[in-house]
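Below you'll find the structure, written out as structure tokens, and then a few comments.
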Amino acid sequence: MLETVSKGFKAARNKLKGRTEITPEVVDDALRDIRVSLLEADVSFDVVKRFVARVREKAIGEVVETKVKTEKGLLKVTPQDHFIKICHDELEALMGPVDTSLRFADKGRPSGVMMVGLQGSGKTTTAGKLANKLLKDGKKPILVAADVYRPAAVDQLKVLGEKLGVPVFHEPGVSPPDMCRHAFEAAQRDKANVVIYDTAGRLAIDDELMVELEQIKAQVHPENILLVADAMIGQDAVKTAAEFDRRLAIDGFILTKLDGDARGGAALSIKEVTGKPIKFLGMGESLDRLEEFRPEGLASRILG
Ligand code: GDP
């Protein structure tokens with residue numbers, strides 16, 4: 001995963017190897033490799049530009065060999081180590097800070113998590129994963145099959161609900177906004193404490209979809225609106241995210257398919273472009289493959 005991005009940092013690291021001091025020219029040469037790999041990984045152009053400028057500013061003048069005191073005695077810190085540490089910190093800053101919290105309503109009222117996103121992004125699967133996580137956290141969730149345009153989505157959610165022992169609410173022929181309101185009322189009656197709404201997606205954003213999502217939001221006032229985005233589609237995921245955010249004021253993202261050959265563009269750009277946090281990562285198809293997002297962890301994976 002994220003091999004494309006890692007490649008550039010590896011090349012940069014090699015250029016700095018064995019040096020006791022590095023000049024601005026060497027820093028620029030190393031940053032060229034990083035810039036190319038970030039663009040190849042589909043990180044947005046502005047984000048790349050800002051990232052490279054920040055690393056450059058910190059790296060130039062600072063990258064000389066030093067010694068630090070550790071428990072094991074004096075440890076040599078090479079310019080290469082300094083440079084990689086700067087990259088690590090800036091990658092972390094780009095994606096952070098950590099915010100994996102979900103908002104919960106006051107007692108007596110079920111909390112809502114509205115899942116939105118394009119078709120195929122992994123919304124239905126992720127709704128199941130989130131229900132699994134909430135169960136483990138001691139909550140009593142219900143799932144709502146409000147993706148009525150993709151008939152398989154309802155059955156898919158029912159299968160996931162059955163596996164987890166989580167009720168799946170669906171009313172054939174009822175409009176999604178009304179269905180979501182009825183689901184909320186049912187959750188209140190049954191003393192469920194989290195309602196996860198699996199809403200419809202489209203292959204591309206259209207106004208009809210957005211209006212429906214706005215209506216659902218107005219009906220159930222969810223505490224959390226999470227956009228599920230496919231990390232494989234890079235910058236397109238970021239553009240989609242920005243549009244959904246503009247219409248719905250989302251709370252954060254779940255990036256899926258990070259286990260695959262994701263180029264990483266979405267993971268690195270989405271926070272900086274939208275200002276909203278990545279909360280979870282989808283790391284596989286099965287129900288337990290949902291990870292809380294740790295910018296520090298992803299930065300370390302990228303730098304190897
Ligand atoms: P929806 O149209 O947004 O509801 O998307 P689905 O939940 O049906 O997911 C589309 C496909 O992506 C399915 O084949 C899922 O198994 C797969 N998928 C979802 N999340 C992940 C993930 O994190 N990793 C991988 N490898 N596949 C995923």
Side-chain angles (χ1 to χ4, degrees), residues 102 105 109-137 139-203 205-206 208-230 240 244 247-248 250-251 253-254 256-257 279-280 282 285-290:
L102 291 177
R109 186 181 186 277
S111 309
V113 184
M114 183 173 163
M115 314 288 285
V116 301
L118 293 183
Q119 203 175 89
S121 59
K123 219 173 335 88
T124 304
T125 311
T126 308
K129 288 178 178 177
L130 204 59
N132 186 33
K133 175 194 155 38
L134 289 164
L135 274 180
K136 286 189 178 144
D137 292 349
K139 305 279 183 201
K140 190 180 168 196
I142 71 160
L143 289 158
V144 185
D147 182 355
V148 296
Y149 309 104
R150 186 169 73 85
V154 176
D155 293 336
Q156 195 182 334
L157 201 64
K158 282 183 180 162
V159 169
L160 293 175
E162 222 158 84
K163 257 191 204 165
L164 294 166
V166 169
V168 176
F169 189 96
H170 179 70
E171 292 175 319
V174 175
S175 76
D178 285 343
M179 193 195 307
C180 288
R181 195 186 66 247
H182 298 161
F184 177 82
E185 289 160 1
Q188 210 154 18
R189 273 195 310 274
D190 298 345
K191 309 236 175 320
N193 46 24
V194 188
V195 191
I196 303 171
Y197 305 95
D198 182 26
T199 66
R202 297 274 201 282
L203 291 175
I205 292 177
D206 65 43
E208 206 182 321
L209 167 72
M210 285 300 175
V211 168
E212 180 178 298
L213 295 175
E214 284 166 347
Q215 286 170 346
I216 293 175
K217 180 181 176 183
Q219 288 284 347
V220 298
H221 304 292
E223 277 68 21
N224 310 273
I225 303 181
L226 300 182
L227 176 88
V228 179
D230 179 344
T240 304
F244 271 88
R247 296 288 291 257
L248 296 164
I250 60 173
D251 297 287
F253 305 106
I254 302 181
T256 61
K257 310 185 195 177
K279 290 187 175 275
F280 299 97
E285 294 188 75
S286 63
L287 284 168
D288 58 348
R289 303 299 289 148
L290 186 72

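Every value quoted in this text rests on a predicted model; they were computed, and no experiment measured them.
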Lys217 (side chain) donor-acceptor with Leu248 (main chain) under 3.5 angstrom | yes
Begin from the C-alpha positions of Leu134 and Leu102 and carry the test side chain to side chain contact (heavy atoms under 4.5 Å, CB included) through to its verdict.
-> CA-CA 10 Å; Leu134 289 164; Leu102 291 177; 4.1 Å; yes
Do other residues, nucleotides or ligands put more than 12 heavy atoms under 6.0 Å from the CD atom of Glu214?
-> yes
Note: Gln188 and Arg109 closest approach over all heavy atoms is NE2-CA, 4.4 Å
Taking all non-hydrogen atoms of both residues, which atom of Phe280 and which atom of Leu290 are closest, and how far apart?
-> CB-CD1, 3.7 Å
Are any non-hydrogen side-chain atoms of Ile142 and Asp190 less than 4.5 angstrom apart?
-> no
Compare all side-chain heavy atoms of Leu213 with those of Tyr197 and state whether any distance is below 4.5 angstrom.
-> no
Write down the atom of Ala183, the atom of Phe169, and the distance for their closest heavy-atom approach.
-> CB-CD2, 3.5 Å
Can you check side chain to side chain contact (heavy atoms under 4.5 Å, CB included) on Val148 and Met179, steps first, answer last?
-> CA-CA 10 Å; Val148 296; Met179 193 195 307; 3.7 Å; yes
Where the side chain of Asp251 meets the backbone of Ile225, is there a donor-acceptor pair that is under 3.5 Å apart?
-> yes
How far apart are the closest heavy atoms of Val195 and Ala187, and which atoms are they?
-> CG2-CB, 3.5 Å
Please confirm whether the backbone N or O of Met114 pairs with a side-chain atom of Asn224, one donor and one acceptor, at under 3.5 Å?
-> no
Separation between CD (Gln119) and CG (Asp147), nearest 0.5 Å, reads 7.0 Å
Is the backbone of Leu157 close enough, under 3.5 Å, to the side chain of Thr124 for a donor and an acceptor to pair up by distance?
-> no
dist Thr125:OG1 -> Leu130:CG (nearest 0.5 Å) comes out at 12.5 Å
Distance in Å, Asp288 CG paired with Lys129 NZ, rounded so as to fall on 0.5 Å steps | 8.5 Å
Distance col, row Gln219:CD vs Phe184:CZ, nearest 0.5 angstrom, shows 11.5 Å
Sequence neighbours excluded, which residues qualify as salt bridge (charged side-chain N to carboxylate O under 4.0 Å, His left out) partners of Glu212?
-> none
Do the non-hydrogen side-chain atoms of Ile216 and Pro177 ever get within less than 4.5 Å of each other?
-> yes
Residues Pro141 and Pro167: closest non-hydrogen pair is O-CD, 3.8 Å
Hey, are the side chains of Leu143 and Lys158 touching, using non-hydrogen atoms and a 4.5 Å cut-off?
-> no
Donor-acceptor contact present, side-chain Asp137 to main-chain Lys139, <3.5 Å | no
Backbone N/O of Ala145 and side chain of Asp198: donor-acceptor pair under 3.5 Å = no
Can you tell me if Thr199 uses its side chain to pair, donor with acceptor, with the backbone of Met115 under 3.5 Å?
-> yes
Could you state the interatomic distance from NZ (Lys123) to CG (Leu118), rounded to the nearest 0.5 Å?
-> 8.0 Å
Where is the tightest heavy-atom contact between Cys180 and Ala146, given as atom of each residue plus distance?
-> SG-CB, 3.8 Å
Would you call Arg189-Glu185 a salt bridge at under 4.0 Å N-O?
-> no
What is the distance from atom OG1 of Thr240 to atom CZ of Phe253, rounded to the nearest 0.5 Å?
-> 10.0 Å
